Structures are given as structure tokens and as C-alpha cells.
> 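Quick one: this structure, given as C-alpha cells, is what I'll be asking you about.
Residue numbering restarts at 1 for every chain, and letters A, B, ... go by the order of the sequence lines. Given the structure is predicted, the values throughout are model-derived calculations rather than measurements.
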Number of protein chains: 2
Amino acid sequence: MLNLYKNIIPQLVAVDCAIFGYENEELKILLSHRKLEPGKGNWSLIGGFIQEDESLEDAAERIVLQITGLSNIFMEQVATFSKLNRDPGARVISTGFYALIRIDQYAPLLKVEEYDARWIPVTQIPELVFDHNEIVQKAFEKLQILASIDLVGKALLPEKFTLKQLRSLYESFFQRSLDPGNFRKKIHSLNALERLDEKNTEGSKKGAYYFRFKEDDSERIFNRVIKI
Amino acid sequence: MLNLYKNIIPQLVAVDCAIFGYENEELKILLSHRKLEPGKGNWSLIGGFIQEDESLEDAAERIVLQITGLSNIFMEQVATFSKLNRDPGARVISTGFYALIRIDQYAPLLKVEEYDARWIPVTQIPELVFDHNEIVQKAFEKLQILASIDLVGKALLPEKFTLKQLRSLYESFFQRSLDPGNFRKKIHSLNALERLDEKNTEGSKKGAYYFRFKEDDSERIFNRVIKI
DNA sequence: GCAAAAGTGTTAATTATACACCCATGT
DNA sequence: ACATGGGTGTATAATTAACACTTTTGC
């Protein structure tokens, strides 16, 4: 491969993915057990080295596809982590990503046993290898900011869902309870959802209408961030 | 150096810095002319390859120090850019940073002619090499978000400044005019500044009070981002 | 009928926006 | 005294937040 830059020492480059999903009224993250030394067997994010012919985004998509069976999913960079001794096995520079997937579509390609991947509530994240706890922390903060200025849900909830489910998702994002009435009004004002005629009667006798995200979101309202 | 990971192809890793400063009522960015092929002589961000014994943050600080003479400055990651052919000279993965410096303290260590570094208003950014325009764009967006939720100014303005100057800085961030009266009230409500007894009489006969950032910002108010 | 969750309405507090007005001072 | 930018005040609209109220339906 062409290289006009001589005498530059190349580095090992990897990606680590914080994969979020939503299930049973809880926001969860997919954690696995590390296959390689050092740290073999410990809890870890899913990651891998970048290949010569792919971008970081390509690598992250490849890895998420392997472990979830899903492609074309929502994914964003968190940050790149490069402390000298973050990985005791070698000097590795790793870019963190966070991904949002629908657990109802989760269908891993790899044998689950191989990685022993599990969905863990974000409130119960164990100690992870290397600096992975820091990556998760930053990923969660980015997700919170996103959820603050845009209605996040399409990537995490099933096709149809109740407002209670959406609210409970938001309560997971912000880790606090939200007023049901005010939440409804806020969501409706965003013009992003459409009500179906169908009701979910699991949670109550009256039944709660199902909603889904509009195909056409041209009238959807986003919050400005600018407040000053 | 220890390496437990065999058969992994290492990559060239670099940093590129979008250095912002504020001068004559304008937000500016420090651009240089590229010293190396490919693209030698073209407008470019200031950057360089990461060394074996430093993190990305270390490398960015080193590079900013060389070109501005300043250390301990405000700096944050923008994102990491890794498209396969972003740099025609080789496959280079580059992490973008943005830095905020005070132009009144700017004192480059390297001969300025060597890089031909210049302060260019953000409204007049020329075509840059590779994907540097994209890096600048994302850096500016990050800066806007920061300025939306926190009072940015300490890192860009001189020690003492008038509210008009601060407002003009904010007008540079958001590229729109802000109501003088409402801006004052907003700033005062944030509890971040203290008024000096001194006045600046350059702009008017009456004179405008100088302000500075409080040493103690324990009572300073930050805007929540959470709006839903 | 009543419990329980869904959904609506009312009010107060806060914040944002537009703009009128007063202030100090060099000429 | 008056023009000019600095600085303050006021009226209104929009948003947020707390909480009371009505609706539906299975038991």
C-alpha cells in the first residue's frame, strides 16, 4: 500500500461498541466475556481490530453485525481512547461507538456461548476490562444528550409501542421518573408519532393506544440546543 | 514493546487541530500551509502523527504548543476520521481536536513563515486539504453545543472584557445577532462573571464596564440539556 | 360499583422575546 | 443639548412543572 510517510511508527487500532437495547422496561447494554488474553474471561465491550480495507465505522458495523445479526443500525462515535497503558497486551488505540438496537430483532450470528454475550441493565454494569467502563460512561452521556434534543425510540422500541413504554425508556435514559401527563403533551407536541387504532390491554383494563413513528417526519420538531 | 496481538496490521495515526481564537469581534481559526506532500502548500489544519510514547491528547497538546506557544489550553476531541482514501499519501487515521486559545497570548514557537500560519475568520474558511473542511465543520458544531449549555469565553477572551465583546463572541458562535438587553440578563443570571470598577471607553462616551470570570465558580449555573 | 391505569385539563412558576426607556458623557 | 452606545425595565408569549380531574373497563 502506498505510503509517503516514512519513519512513522504505526499503531494498533481497534473499535469497541457499547450496544444498547431496551427490554422489560429497562435500558440494557450487551456485554460479553473477553476471548483473548489479557483479561480473558472478564466482562468486556464487544470490539475488535480495524482491518486494512475498512473505516472505523465499517469495523464497528462488522462487529455489531456478528454479535447481533443486525445491520444498518443506528451508531455513533463516542470518542477515541489512547492512554498508553489502557490495554496491557499492547499499545492499542480504540474508538468507542454506541449502537442502538431492537432486542426483539436480536439474532446473533456467532454462537452466543462463544462470547457469552448478555444483556445487562445499565444500572447494573459490572467491572469491565481496561477502560471499558469509561467508554460505557461516555457512551451513555452521549445517548442522554441525544435523547435531550431528539426523540430517541425508533431504534430501540418495537414497531408499535405505548406512550408508557416510551416514557419508561426516557426514564431509563435520564434515570429519573417523568410526569406521565407532561410527558404525553411534550411527545405529542413533537409531531413525530402517529396513533394506531389498536390498543395494548396487557397493562390495564382500559387499554393503551399503540403508537409508531411517522414514516414522514418532515413536520417533526427538534429541540434547539441553543439556550443562551 | 510488548505486543500480545499477532497478525494485526498497524495503522498510521495522526491528530488534526482546529484552533479557535477571537480577535476584532470575529471568531477565527488558525490555518497553515501544509509542509509535506501530498497537498504541499495547500491550506490545512495543524496536525501531525502520534508518537509511540504519547496519547492522542498528548500529541494534540504538543502540536498546539509548537504552533501557538501555549500549553494547558482548553481542548476537546471532535471525532476520528478514517475513510480509506482521506489522505492520498497513505492510509492515515486522524483524530480531530478543537482548541480554544487567547490570541492576545499567541506566541508561536516555530517560525511562522515555516507553516505560514494565519488567523482566518470562520466565515471565510478556504478549501482545505483532505477532509479538513469536514473536521472544521464538526469542530464548530461541537463548539456551538458547548456554548449553548455553558458560558464559553474564559478560554477565548482576554482577562477583562466588556459584555458587548462577550455578546459579539456569542454572535460569532451562533452566526446571528442577539438582543443586547436579553443577553445581559441571561449572562448575569448565570452567576459566572464579576464586574470590575474599570471601564472601557473605546466604544462609547459613557464607557462599558469590564468584567472577568469569577475565580470561584461554585455558584455558577449551567443549563441543563435535558428538555424532554 | 370500584379499583387501576389511561388520558385530559388547570394553574402557577419560570424562561424567552420584543422592545421601550433611562443614563452618562464627549463633543 | 444632543447624539451615542451602555444599561435597565416592562409587557407578552412560550415553556415547564405540579397535580387534579375524567375516562374506560374488567372484576
Side-chain angles (χ1 to χ4, degrees), chain A residues 24-25 144 147-151 157 160-171 173-212 220-228, chain B residues 24-25 144 147-151 157 160-171 173-212 220-228:
Chain A
N24 301 332
E25 315 260 297
Q144 285 187 342
S148 302
I149 60 178
D150 188 14
L151 184 54
L157 295 170
K160 58 187 185 184
F161 51 85
T162 64
L163 287 185
K164 183 177 157 62
Q165 288 175 301
L166 183 61
R167 174 164 58 83
S168 138
L169 175 63
Y170 263 78
E171 291 177 336
F173 288 150
F174 301 139
Q175 299 287 308
R176 67 182 171 91
S177 62
L178 299 170
D179 182 275
N182 294 336
F183 185 79
R184 299 184 89 78
K185 268 176 288 185
K186 183 71 190 176
I187 296 304
H188 284 138
S189 77
L190 299 178
N191 245 311
L193 304 184
E194 59 188 357
R195 199 180 79 176
L196 307 182
D197 285 331
E198 203 181 345
K199 281 189 169 191
N200 171 327
T201 49
E202 279 171 41
S204 74
K205 292 141 195 170
K206 185 179 176 184
Y209 280 109
Y210 278 118
F211 287 79
R212 70 173 169 215
R220 178 163 171 185
I221 292 169
F222 294 79
N223 283 323
R224 273 178 327 111
V225 183
I226 298 169
K227 300 186 75 171
I228 283 183
Chain B
N24 301 331
E25 316 259 298
Q144 285 187 343
S148 303
I149 61 176
D150 188 14
L151 183 54
L157 294 170
K160 58 187 186 183
F161 50 86
T162 64
L163 286 185
K164 183 175 156 59
Q165 288 175 301
L166 183 62
R167 174 164 56 86
S168 137
L169 175 63
Y170 262 78
E171 291 178 337
F173 287 149
F174 301 139
Q175 299 287 309
R176 65 181 173 94
S177 62
L178 299 170
D179 181 277
N182 295 336
F183 185 78
R184 299 185 90 76
K185 268 177 289 184
K186 183 70 191 176
I187 296 304
H188 286 137
S189 77
L190 299 177
N191 244 311
L193 303 184
E194 59 189 358
R195 199 180 78 176
L196 306 182
D197 286 332
E198 202 181 345
K199 280 189 168 189
N200 172 327
T201 49
E202 281 172 38
S204 74
K205 294 143 194 168
K206 183 178 176 182
Y209 280 110
Y210 278 118
F211 287 79
R212 71 172 169 217
R220 180 162 170 185
I221 292 169
F222 294 79
N223 283 323
R224 274 176 328 109
V225 184
I226 298 170
K227 302 185 72 171
I228 283 183

> Name the residue from B:Asn200, B:Leu193, B:Leu163 that meets the side chain to side chain contact (heavy atoms under 4.5 Å, CB included) definition with B:Tyr210.
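With B:Tyr210 as partner, B:Asn200, B:Leu193, B:Leu163 yield a single side chain to side chain contact (heavy atoms under 4.5 Å, CB included), made by B:Asn200.
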
> Choose from C:dT10, C:dA16, D:dT24 the nucleotide whose nearest atom is closest to any side-chain atom of A:Lys206.
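My answer, after comparing the listed nucleotides, is D:dT24.
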
> Please report, rounded to the nearest Å, how far the P atom of D:dG7 is from the CG atom of B:Asn182.
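The distance from CG of B:Asn182 to P of D:dG7 comes to 15 Å, rounded to the nearest Å.
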
> A:Tyr170 OH to D:dT16 C1': how many Å, rounded?
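One finds 17 Å between C1' of D:dT16 and OH of A:Tyr170, rounded.
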
> Where the side chain of B:Glu194 meets the backbone of B:Arg212, is there a donor-acceptor pair that is under 3.5 Å apart?
no

> If you pin B:His188 and B:Gly203 to their nearest nucleotides in DNA chain D, which one's is more 5'?
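Looking at DNA chain D, the more 5' nearest nucleotide goes with B:Gly203.
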
> Please tell me which of the listed nucleotides, C:dA18, C:dG7, D:dC19, lies nearest to the side chain of A:Ala208?
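That would be C:dG7.
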
> Rounding to a whole Å, what distance do you find between B:Phe183:CZ and D:dG5:C1'?
17 Å

> How close or far is atom P of C:dA5 from atom CD of A:Glu25, stated in whole angstroms?
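Whole-Å distance recorded here is 12 Å.
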
> Nearest of D:dA17, D:dT8, C:dT8 to any side-chain atom of A:Arg184?
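Nearest nucleotide to the side chain: C:dT8.
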
> Which pair of non-hydrogen atoms, one from A:Gly207 and one from A:Thr201, has the smallest distance, and what is that distance?
CA-CG2, 4.0 Å

> Whole-Å distance between C:dA18 C1' and B:Arg176 CZ?
13 Å

> Quick one: does B:Phe174's side chain get under 4.5 Å of B:Ser148's, heavy atoms only?
yes

> Could you please name the option among D:dA3, D:dG6, D:dG26 that lies closest to any side-chain atom of B:Lys205?
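Side chain of B:Lys205 sits closest to D:dA3.
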
> Measure the distance from CZ on A:Arg195 to P on C:dT8 and round it to the nearest whole Å.
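Rounded to the whole Å, the gap is 8 Å.
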
> Please determine, for the side chain of B:Ser204, which listed nucleotide (C:dC19, D:dG6, C:dA6) has the closest atom?
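Out of C:dC19, D:dG6, C:dA6, the nucleotide with an atom closest to B:Ser204's side chain is D:dG6.
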
> Taking atom P of D:dT16 as reference, at what distance in whole Å does atom NZ of A:Lys185 sit?
11 Å

> In whole angstrom, what separates B:Lys186's NZ from C:dA18's C1'?
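Between C1' of C:dA18 and NZ of B:Lys186: 17 Å.
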
> Hey, which sits more toward the 5' end of DNA chain C by its nearest nucleotide, A:Leu163 or B:Lys199?
A:Leu163

> Answer with base, sugar-phosphate or nothing: what part of the nucleic acid does A:Lys164 contact at a heavy-atom distance below 4.0 Å?
sugar-phosphate

> Any side-chain heavy atom of B:Phe211 sitting closer than 4.5 Å to one from B:His188?
yes

